[in-house]
Amino acid sequence: MHFTGPELLLCEVGNIVRFVWRLEQSWKLSRLESNLVSADLLREEIDLFPFAPFSGRVWALRHNLTCYGAWYVAVAADFDWPLTFLGRWLPRATVPTCEIVIPITTGPEPRSSSLGRLVYSRPIPDGSPTALRALQFHGHIECPQAYPSNHPMRRVALVRQSLAPSIPDSSVAIMGKRSLVVRQPAADSGSRIAGLADRAHKISMLHHCTAFCRHRFVLVAITVGLLSGCSQPEPQAQTHPNIIFLMADDMGYGDPGSFNEDSRIPTPHMDSLASRGMRFTDAHSGSAVCTPTRYGVVTGRYAWRSRLKSGVLSGYSRSLIEPGRMTVASMLKAHGYHTAVIGKWHLGLDWSTLSEPLSWDEGDKATAFQGASDFAKPEGLKIDFTKPVTHGPMDVGFDYSYIIPASLDMAPYVYLENNSCEKPATVHEPGRFDGPVFWRPGEAAEGFDFYDVLPNLTRHAVEYIRQRAETPDQPFFLYFPLPAPHWPWVPTEEFEGRSGAGLYGDFVVQVDAQIGMVIAALEETGHFDNTLFVVTSDNGAEWDPSHIKEFGHHANHAGLRGKKRDAWEGGHRMPFIATWPARVAPGMTTDQTICHTDLMATAAEIAGIELPSEAGEDSVSFLSALIGTDDGSLREAVVHHSVDGTFAIRQGRWKFIDGQGPGSNQWDGPEPGDPPGQLYDMDADRHEDNNLYDERPEVVAALKQLLERYKSEGRSRPR
């Protein structure tokens, strides 16, 4: 990583460089959400002497790095030379001897020219590195007794402050424009939050920094604690982060504006997340349809290794996850996490039956998306909806679950909370067949409202996040698979007409709004900074050429070929956004090839868990990509799977599809003379137009061999 221009360096005091925030060229900081006070109150002009033209602004950013949390303030300078070490974890180092003196004046009539000083000094041995690696300050705050007794600065008078990790009981203060925040030590238990200075008191700070340093710049970092008198919540106490995996249903790569500048759908919340975290531009679902992707997310294993070789399950299908198989939830639960799933399950449930069906056949998978009669209840099956299901979410590691059984167009139409129906299915739903506002007939709970399913599930997710704030010492894992924008396209009234892509686009706008509600809940509870929050989709959009012609919107992106169900990229290349302010730098992009199955290995590495060899067979951690320490490809290859079971494999620039066409009936069939398979150079031909199968037989042979090895060995993750 090599940056030039103005930068803001956020450091972990006394340890390591943590983040880099690129400044806008207008000399305004990229906006960061501050939970303590408004950004305007925390922004302050700084001059660094004697090295002109250094100047910058002070910024405060909440950052959960200790048991009590901290605010870091940094000075940004306009560097006329590149910094080559930014955005990386670096070993502790020292800097040249420097002293920074910040005189403080108050109000329009200051009592003196220097009522307080903030002094830091640190010697450096000879032979030090020329680049600043980290700062370790030892010093104190000096506040003369000239302050009146009711002045906020009185609260930090003559208090020793140390930023060294070895001294836990430190008091800290931030002097910002018109504000002063103080944390004082507790006499009985070291550092704890003690109070809040009067923010209403107008303190106008004028900071003049005099630097004596053999280098061309100086960086100041001040730790600031959150206060009990503040309206915002205290930071979390746990070390491991919370993990939220939010997966939309049938949302395409071209829908979020952060992935497609020509999108006709406003997605401000997803775009905001992308600016605050990392975009993965080469992320893939394990399949181009619903159920197998979900199996891969939850188990870290490709679904074609299970009994489901093609198609998807119905709402009446038996559980797909094998008894005893480790899931992301069971793994994290065993290591102290509270785990929950809220949303569309679609992994099968073992219903309590009054009579067994003539056959448990899952239905006509080849035409599963075409006719309204598909996915009907198997003949002869009678369910007792008053009794709990078995082999549901609670049996595979989730402490709490609130789900619908399958897609919103598949009966039975009920909610299940903790494996039991919230209300039993007692009425017959006749179905609806108004184009994309479509659902099949079947059993339903009385009063089941299709338009309220997405809002209802989001309400439960938000409530879950708020409840977890009551036990801040325990991290949580929330798997939040949305039922939208999969049809029926049923946006509520407030979202109708909000996009330029019809009902589908309006439904995506509503999905984005629900994501915004989750963000708000995380910020409200103080969870956001220490939460790995992933937003993605399970497969490509249900978006036909006729829709493109009508609205001019490419839901699966104009640069990709295909759509839902296809082995072509439009079927499985997914938008993938990950934020984790405590570890992930904002505004980052990576082209690492990853798969949804990688959630398990990533969560394991984050939580310090050694993943057993017999679990997560197709899961590879992408943590190093998140925190910017990756060096080379993370995965040997990724396997793709279409609705009819066609395999494809991607290794580096090459993608091999083991068959003709996309692996669905969504094409006109092969032309005479077409080769039996497909090979594409994804670097030069991401749209998959130029089939190189005949021109590069050696590549085809190598990828075929690798795919067969993955099949025969039962795993793709290295042992």
Side-chain angles (χ1 to χ4, degrees), residues 89 238-247 273-274 277-286 293-302 325-341 397-398 475-481 527 529-538 572 574-585 588-639 715-719:
W89 289 82
Q238 85 270 3
T239 301
H240 295 315
N242 309 306
I243 301 173
I244 298 179
F245 194 87
L246 187 152
M247 186 166 66
L273 283 178
M278 176 173 283
R279 287 188 313 120
F280 286 77
T281 61
D282 199 9
H284 298 263
S285 54
T293 289
R294 284 161 169 70
Y295 179 91
V297 167
V298 174
T299 68
R301 182 175 185 243
Y302 292 134
R325 171 159 292 282
M326 178 181 284
T327 67
V328 180
S330 65
M331 175 189 73
L332 291 175
K333 180 178 180 178
H335 288 80
Y337 274 73
H338 192 277
T339 59
V341 55
F398 290 99
F476 65 83
F477 166 58
L478 172 59
Y479 171 45
F480 189 19
H527 283 306
D529 288 349
N530 199 32
T531 296
L532 171 59
F533 185 17
V534 172
V535 173
T536 185
S537 180
D538 65 343
H572 52 78
M574 294 291 98
F576 195 100
I577 302 168
T579 61
W580 180 13
R583 297 290 299 275
V584 178
M588 304 300 291
T589 299
T590 178
D591 60 358
Q592 282 282 2
T593 305
I594 66 169
C595 184
H596 287 5
T597 56
D598 296 338
L599 173 64
M600 173 173 274
T602 306
E605 184 174 5
I606 287 173
I609 302 169
E610 184 176 353
L611 192 59
S613 176
E614 68 278 5
E617 295 94 327
D618 302 299
S619 189
V620 177
S621 175
F622 54 77
L623 177 60
S624 61
L626 279 173
I627 63 176
T629 60
D630 53 320
D631 184 13
S633 298
L634 301 179
R635 277 182 151 273
E636 181 181 36
V638 175
V639 177
R715 64 188 301 110
S716 60
R717 177 169 65 91
R719 293 184 183 275

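Here the structure is a predicted model, which is why all the values come from computation and not from measurement. No hydrogens, no waters, no symmetry mates; every other heavy atom, side chains included, goes into these values.
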Should the pair Arg717-Glu636 be classified as a salt bridge under the 4.0 Å nitrogen-to-oxygen rule?
no
Close side-chain approach of Leu246 and Tyr479, heavy atoms under 4.5 Å
no
Which heavy atom in Ala625 sits nearest to a heavy atom in Leu634, and how many Å separate them?
CB-CD1, 3.9 Å
Give a yes or no on whether the backbone of Ala601 and the side-chain of Ser619 come within a donor-acceptor separation of less than 3.5 Å.
yes
Might you work through the side-chain contact (heavy atoms from CB on, under 4.5 Å) test for Arg301 and Tyr295, ending with a clear yes or no?
CA-CA 7 Å; Arg301 182 175 185 243; Tyr295 179 91; 2.7 Å; yes
Between the CZ atom in Phe477 and the NE2 atom in His335, the distance rounded to the nearest 0.5 Å is 15.0 Å
Quick one: pull up CG in Leu478 and NE2 in His338 and give me the separation to the nearest 0.5 Å.
11.0 Å
Apply side-chain contact (heavy atoms from CB on, under 4.5 Å) to residues Tyr302 and Ser716 and explain how you reach the verdict.
CA-CA 9 Å; Tyr302 292 134; Ser716 60; 3.9 Å; yes
dist Glu605:CD -> Ser624:OG (nearest 0.5 Å) comes out at 7.0 Å
Give me the atom names and distance for the closest heavy-atom approach of Pro481 to Val341.
CD-CG2, 4.1 Å
Run the salt bridge (Lys or Arg N to Asp or Glu O under 4.0 Å) test on Arg294 and Asp538 for me, step by step, so that the C-alpha distance in whole Å, both residues' side-chain angles and the decisive distance to 0.1 Å come before the verdict.
CA-CA 7 Å; Arg294 284 161 169 70; Asp538 65 343; 2.7 Å; yes
A side-chain contact here means heavy atoms from C-beta on lying under 4.5 Å apart; do Thr531 and Pro241 qualify?
no
Should Leu626 and Arg583 be marked as a side-chain contact (heavy atoms from CB on, under 4.5 Å) after you check the CA-CA gap, both sets of side-chain angles, and the distance that decides it?
CA-CA 8 Å; Leu626 279 173; Arg583 297 290 299 275; over 6 Å; no
At what distance, to the nearest 0.5 angstrom, does CZ of Phe533 lie from CH2 of Trp580?
15.0 Å
Please check if the side chain of Thr339 supplies one atom and the backbone of Gly397 the other of a donor-acceptor pair under 3.5 Å.
yes
Can you confirm whether Val297 sits close enough to Met247 that some side-chain heavy atom of one is under 4.5 Å from a side-chain heavy atom of the other?
yes
Which heavy atom of Thr536 sits nearest a heavy atom of Met574, and at what distance?
OG1-CB, 3.7 Å
Residues Thr597, Asp618; criterion side chain to side chain donor-acceptor pair (under 3.5 Å); working and verdict:
CA-CA 6 Å; Thr597 56; Asp618 302 299; over 6 Å; no
d(Ile243 CD1, Leu332 CG) to nearest 0.5 Å is 5.0 Å
Ring centres of His284 and Phe576 under 6.0 Å apart?
no
Of the non-hydrogen atoms in Pro475 and Asn242, which two are nearest, and what is the gap between them?
CA-OD1, 3.3 Å
Establish, from distance only, whether the side-chain atoms of His596 and Thr293 form a donor-acceptor pair under 3.5 Å.
no
Would you confirm whether the ring centroid of Phe622 sits within less than 6.0 angstrom of the ring centroid of Phe280?
yes
Stepwise, does the side-chain contact (heavy atoms from CB on, under 4.5 Å) test hold for Phe398 with Lys333?
CA-CA 8 Å; Phe398 290 99; Lys333 180 178 180 178; over 6 Å; no
CE/Met326 to CG/Leu611 distance, rounded to the nearest 0.5 angstrom?
6.5 Å
Under the 3.5 angstrom rule, does the side chain of Ser621 hit a backbone N or O of Leu623 as a donor-acceptor pair?
yes
Are Ser613 and Arg715 side-chain neighbours, meaning at least one heavy-atom pair lies under 4.5 Å?
yes
Search all heavy atoms of Met600 against all heavy atoms of Val328 and return the closest pair with its distance.
CE-N, 3.2 Å
Using every non-hydrogen atom in the two residues, find where Val638 and Cys595 come nearest and quote the distance to one decimal.
CG1-CB, 4.1 Å
Out of Asp630, Thr281, Asp598, which one pairs with Gln592 under the side-chain hydrogen bond (donor to acceptor under 3.5 Å, both in side chains) rule?
Asp630
